[in-house]
Each structure stands twice: as C-alpha cells, then as structure tokens.
Amino acid sequence: MLKKQSFIIRVQKLALLLLALVVITPISAASATQIQLVTDLGNVFTVKNIGNGSQNNNGPSNSFGAAFGVAVKMNTYDYSGRVIYGSSDAGKGVSLVPYATVPQDTKYAAVIRDTDPVTSLEVPKLQAAYDYSNGALIPRALSPNILGYSDSRVIGTGSVTTTDNGITLHTSDGSSYAVLQVNDNLKGMTVYLRGSTTGSISFAAPDSPSYDLIHTDYNSNGFLLYSTTGLVDSPRGIVACDMRSCWGTGQIAHTVTVTVNAPATTSSIGSYSATAKHKEYVVDTCWGWGRGRHCSFHWVDQYTPLQINTVTKKDQVTITSLQYTYTDTSWLCSICDGHWAFQLYSTYPLKPLSTFTAANFETQYTIPVTPGPLYVIMKGDNSIIKAESYNPTTDSLLKIYGLPANTIYQITKNSITGVEGVTDGSSSGLQLNSQQITIAQQDDPGVTLLLYPSSMYYRGPFSTAVFDLQHLNITHLSTSSDQVYVPFAYIQIPVAVPATITDVKINHDVTLGYLDGNYSPGSSLFVPIIPGEQEVDITVNGQTLSIPLNAIENPVGLKAIPVITNTNAQYSSTGQITSIDVNTVTSAFAIAPNTGRMFATAALRVSGESSLTSDVSMYFVPNPPPPPRPRDPLSVYVDVYVNGQFVKSDLIYYDSDPIFSPLQAMNGLTYLQAENYKFKQTTTIGNEFVNVNAGDMVQFIIRTTVHADGQPITIKPYAVTGGVVKLGSTTSAASATANIYSGTIITGMSY
C-alpha cells in the first residue's frame, strides 16, 4: 500500500470519491498499462496508465496522485525544427531548443517542427509580383527590357532582334557571335538581369579603350587592331643584277612597340598575332648581258608572320619588337620596295567582366563602368538577354499579394533556406528586398515558397513566450529576459473518473486556461513545466488541489534518448557565408527531493557534418591558393537550468578532427572553393553536477553542436594604374547537420 499524500480533499459526490485517497494496486511493474483503484467505500475501478509514446524521465511510477487514483509522472519530449523571430517580414531562424534568446526589438516568434504540415509553391522568377489565390501563385506582368545598344555586328553569320522580352541572337553557326555596344547611359546602373543561352553571354571591355570592335576590319586573322604604313627603310634594295649576282644588298629592319591593356595571362596573349606586309619585286624575264642586262617584273603583296615579344606588368601587356629583318644577296631581286606595314590582330581582344553560361539565369546586376566601349557578347542560337529597371534600395525583389496575415513562411532554393519569417499582422502581402532575400542567384531562376499553416506563431510584447507544442498554445510570461521557451517536459496526471478541470495555474498566478475542459476516465492532464514552476493548482469538479513538484516521489531516474537530427542550411548571393551552426537537443528534467547535489550522467552516440561552398566570379584567372586547413568542431554540451534560470554550460565532448574534403576548381572565370567536414559516429559519456535546494526544478539540456567556419577567399585583387581590379560577385551556400542516434540520461541525487 502506497503512503498517503499530505493533503486530503473532502468530497460530496461519488465521482469525487475517486479523487480521495485510494489504495493503488498495480497489475505489474512501473510500465503497467492497467492499475486497479480501490476507494474508501470499497468500489474497485480499472483504468489505463497512458504513456502516449513519450519517454518517461522518472523510472518507477510514484504514489502521488492518490487524489486521482493513479501515479503522477513526468514525461519528456524531443523535438527538431526551427525557432523563427524578427521585427519585420524577414526574420532570423535558429535550431529548435528549449531556450532561444531573442533581441529586445523582437515583435514576433514562430516555432516550426520538422513534422509540421507544409505547403510548397514554386516561384518561377524573382524581381516579380504574384497574387496568392486558392493555394496558387498567379504571376503579374514582368517589366519591359531596358538594355539598349548603340550599334552591333555579327562575327560570322546571323542576326540580332530586340523586343520587350529582350535581345535575341539568331544564328545557325556555332562559331558565330554577336557584338553589341551597350549605351553609355546604362553604365553604372543597377538592373535586374535575366537571360538564357545555349552558349554564353558576357559583358566585356576591349583590351584597350581605343579598340572599336564594331567598325574595326575583321578577317581570318581576327580584328585588325594596329597598323603602320609608309615605313621607308634605306637602302631601298637592288635594282640590277646579272646571271650570277645582284649589285648591292638590301636590308629592312623596323621595330614597333604596342601597349595592350590585356590581362596578363597566356590565354589572353594567345589571341594576338602580328604580320609584316610588303611588296616583293618578282622577276618575270631578263635579257642582255652584264650591266646591260634588263629584267621585267611585277609586284606582289607578301605577309610574313612575326614573333610577339611581350613584357607584362600586372594586368597590362606591352607587345614589343614587332621586328622584321631581311638581307638579300641572291642573284634575283626580291627586295625592291621599302614601304612596309606592320599589323597587329586578335581573334578575341576582350576582357570578360561577367559571363553567364546557364540555360536560364537571373540576378541583380550593376552594369560595369568602362573608360572605353562596353560590349555584350552573345554566343549560341536563340540566346537572349534582358535588363529590367530595378532600384535595390526602394524596389521589392519579390511581392506576393493575398497571403493571409501572420503567415509563417520560408523561401528556399535547392532545400537551402534564404529567408524565413512571418508576414505582417495587419496586411496580407509579403514584400522582400534584395537585402532580405539573399537567395537570388545566377543559375536556375526562381525559388520555392514554403508556407506553414498549422505551425505556431506569437506576435506581441516579449519577455518569455511559452510555446506548448503538445496543446498548440502560447502563454506569455513576464520575465527579465526576452526568450522563446519550448517545454520539453510535462507532468502527466491520469484521470480516473469523469472530471471537469478548471483553473489550472502555475505558482498560483500563471493561468493555463487552455487546459480547462471535461476529461473522461483513462485520459490524462498534461501540464507543461515552465521556467520558475514549483507547483500546479488544479480545480477538479469544483474542488481545488495543489500539486507541489517536490511532492512527486522518485523524481529522478532514467530517460532513454531517441534518434534525433537537425539541419540548418543557408544561402547568400551577396557574399561569403562566414559560419553556420546547428544544434540537436535532448533533455532530462528532475525535481530535487531535498537539498544537496543533483547529477546527470549522459551517454549518447553522436555524429555530424557540414559543408560550405563559395563561387567567386573574377576578371582574371589566378593561380588557385593552397587548400584550407580543417578546423571545424563537433561538440556536445550540457546546459543546466535551475527553476528556469541558466546556471552553466559545460563541454563534455569535443571532436576537432573530422574527415576533411576540400575542393578548389576553376570554371572559366569562376572560382569554386568548398570545404566539407564529416564527423564519424562516436559514443560520449559525460557527468554534470549542480547544487540544488529541495523542490528545485532542474533541466539538463544535452546539446550536440556542429559549428563550421567558412574559409576566407584567399585570391587577392591586384593593383593597376589608376585603380584596383576587384573580385566579382560571390555566392555561397552552407549547411550543417547534428545527429543524436541513441543513448540514456540518468538523473539522481548525490548524497
């Protein structure tokens, strides 16, 4: 027979007799599903001990709850998901943990569990507006094309057309391409760029500002970039000869120095070639002897390839010694004209500033400012490019009209989150600018909009917002700190007879009215454990009883840890992601039965992984830097809270030696840097102690953390005359996953 509790409830009705002290006779051990109840009047009832799949934190059932005729126990739950908070439509997300601290200016918070229902909608294009109607997105009209050009030519065969949809190249020849000279008034303008290509589309500047690639002669050698004429050398050459020899010799020697503002790379110089052009005196026939000999002749043009000697300085190449020397001592005259022309050609004298190769692309783009002409080079049949008017400081990158107020959302791309938040409580639209929606990227236009219609949100003044995920209710507490609190533990009070429960309160002053209701036999009342909780008041069928938490016998024991995992993923189109974190949490709750030292021993198997990638567009081809060194850790912490107040956080496991897989690659003028870390599955055991007073509610929160730092981009810009050549745009993505496979947490008192 279990001992009586310290309080007795006087009842007037038979139903309330079940709330009087009873003798509890368990059918089996602590895990029994049925318990026989015997009242003072000898009535016998059989009820179910409801476990509902949660983990029992306490071990054997206790004898408190004689008032209900069944053992009261504590259940813990483990969640994975996200806590989202913010002060505007675009918020910030962190891993779902019991305590999530938020800034003072926070206006809303939401909690998403991985198991929550979600509606997925495809957003085909950004820099666009949509209407949300009947669960679908209906696009509004896009803006017209503003990308204009002053002149154009097609190298090869084909044509160019312009409509509101953009500029299109038509060519059936894979080697042909279009050169468009961009209007000067567009330089420096920020636009939203869209396009598609079967080859490539580039914004490019000529190697020298003086090059005019629209009107320059083009032949099989390439663009004629430099030519000298009228060079006269002395002696002019030989004018007479006999059958044996010519009188005198002729020699031509000339040097031309040309400076080309080309990138200092072998591939760029490889497009250049030079020739010497002159007329040769070709003898047709001769008659007579000796000095009286005469010849008939004709003139022909001759082209002699010249070797290019170069001197490189930074991004500037000086082509020197376009030199041709010829001495003729033959018996036939061949140098009889001293007029020479030196010619410099290039098949592609261009510096690509940005190159797009994707079948479809879209991006915010600032049109480059160049001292000379700016060109758009289009390759590939039916390649199309379009620029739309866009001001990132005033224009929205995405507008969705008709969304319900207080809609919890995430915008993702390839399962990586770019922005998340809650729509405004007084409007029905979502408007995000380029600073908020950082997921726009060149390749594969569009994003995915995820809506969470059943997930919980809170809007209002903060101190502490308690998200009761079991009852889908939010309670606001007045506290000194601003935080989102998610109960991971509940007091389970099984009900033996029909009962009307009202006025459920925590510490006599925090009312949990959402727990009021009619409870049938075999059901249970679940009361969340919240910060500072020491007792629970319950009014049952008009009678009030108080349950001090320290009256729960055997409040410490064993908890089995289930498999839990959590992932955090981010994307940025505006720069390199410097770091990413993820937490996967399990916890044990216990009430101190007396003053002393409480302990928790955690044994669990953990693993994790992380990945950070960066794509950097450049104006030059560098030598890739050495691969970065691994440095990211997997850690296991125990956070200790007593009566809802943080006490300490101790590290019980640390792994700084993951399997490290770096990647560096060049794809044209795009540099890819990636770091992947993988931590093997391992078992860790840790002990934690804390001083307590009788009745203290203690939370041991075991947090498996993966922290990944992005490796700095070590390619350096370099200085040139008049400025610095900078790296182009950087896009990056990062993800991290922390896993808890299984384990146990044992709590107890150290005497």
Side-chain angles (χ1 to χ4, degrees), residues 30 53-60 73-81 95-100 485-490 529 531 552 554-566 581-593 596-609 633-656 658 679-692 696-707 736-751:
S54 65
Q55 299 294 326
N56 188 351
N57 189 58
N58 286 15
K73 60 182 179 180
M74 190 182 298
N75 290 295
T76 59
Y77 296 83
D78 294 297
Y79 305 111
S80 60
S95 304
L96 176 54
V97 293
Y99 293 89
Y485 175 73
V486 179
F488 275 48
Y490 290 76
I529 292 180
I552 302 176
N554 302 321
V556 292
L558 172 70
K559 174 193 173 176
I561 300 174
V563 176
I564 321 167
T565 188
N566 215 352
D581 294 271
V582 67
N583 290 285
T584 295
V585 171
T586 186
S587 61
F589 290 62
I591 309 302
R597 297 187 76 200
M598 181 174 286
F599 71 86
T601 298
L604 62 161
R605 289 187 296 135
V606 297
S607 74
E609 58 186 304
L634 167 70
S635 309
V636 180
Y637 295 88
V638 179
D639 301 331
V640 181
Y641 290 78
V642 177
N643 297 325
Q645 298 298 313
F646 175 76
V647 175
K648 61 180 178 177
S649 180
D650 289 335
L651 179 69
I652 64 172
Y653 177 76
Y654 185 83
D655 182 358
S656 61
F679 299 88
K680 294 181 178 179
Q681 187 177 146
T682 188
T683 299
T684 179
I685 299 175
N687 296 301
E688 191 61 56
F689 293 87
V690 61
N691 294 325
V692 294
D696 283 346
M697 188 265 289
V698 184
Q699 298 162 277
F700 297 101
I701 300 171
I702 289 81
R703 178 165 48 89
T704 302
T705 299
V706 171
H707 172 84
T737 300
N739 304 303
I740 298 176
Y741 291 99
S742 62
T744 58
I745 304 174
I746 300 174
T747 55
M749 292 296 296
S750 175
Y751 299 99

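Of all the heavy atoms in I561 and A603, the pair that sits closest is CD1-O, 4.3 Å. The shortest non-hydrogen separation linking V638 to F700 is CG1-CD2, 4.3 Å. Nearest heavy-atom pair, E609 versus F679, reported as atom, atom and distance to 0.1 Å: N-CD1, 4.3 Å. In terms of heavy atoms, R703 sits closest to S649 at NH2-OG, 3.6 Å.
Between Y99 and P531 the shortest side-chain heavy-atom distance falls below 4.5 Å. When side chains are defined from C-beta on, L634 does not count as touching P658, because their heavy atoms never get closer than 4.5 Å.
Rounding to the nearest 0.5 angstrom, the gap separating the CG atom in N583 from the CG atom in D581 is 7.0 Å. Distance check, rounded to the nearest 0.5 Å: OH of Y637 to CD1 of I702 gives 14.5 Å.
V606 pairs with exactly one of V706, T682, T683 by the side chain to side chain contact (heavy atoms under 4.5 Å, CB included) rule, that one being T682.
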- Task: Apply side chain to side chain contact (heavy atoms under 4.5 Å, CB included) to F488 and I701, showing your working.
- Result: CA-CA 10 Å; F488 275 48; I701 300 171; over 6 Å; no
- Task: Could you walk me through whether L604 and T684 pass the side chain to side chain contact (heavy atoms under 4.5 Å, CB included) test, one step at a time?
- Result: CA-CA 6 Å; L604 62 161; T684 179; 3.9 Å; yes
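Not counting sequence neighbours, the partners of S607 by the side-chain contact (heavy atoms from CB on, under 4.5 Å) test are Q681, N739, Y741. For N687, the side-chain contact (heavy atoms from CB on, under 4.5 Å) partners at least two apart in sequence or on another chain are T601, F689.
Looking at N643, its side chain never comes within 3.5 Å of a backbone N or O of D696 through a donor-acceptor pair. Here the side chain of K559 pairs a donor or acceptor atom with the backbone of S587 at under 3.5 angstrom. Of the possible polar contacts, none joining the T584 side chain to the T704 backbone as a donor-acceptor pair under 3.5 Å is found.
Between Y490 and Y77, the angle of the ring planes goes over 60°, which puts this pair in the perpendicular group of the 30/60° scheme.
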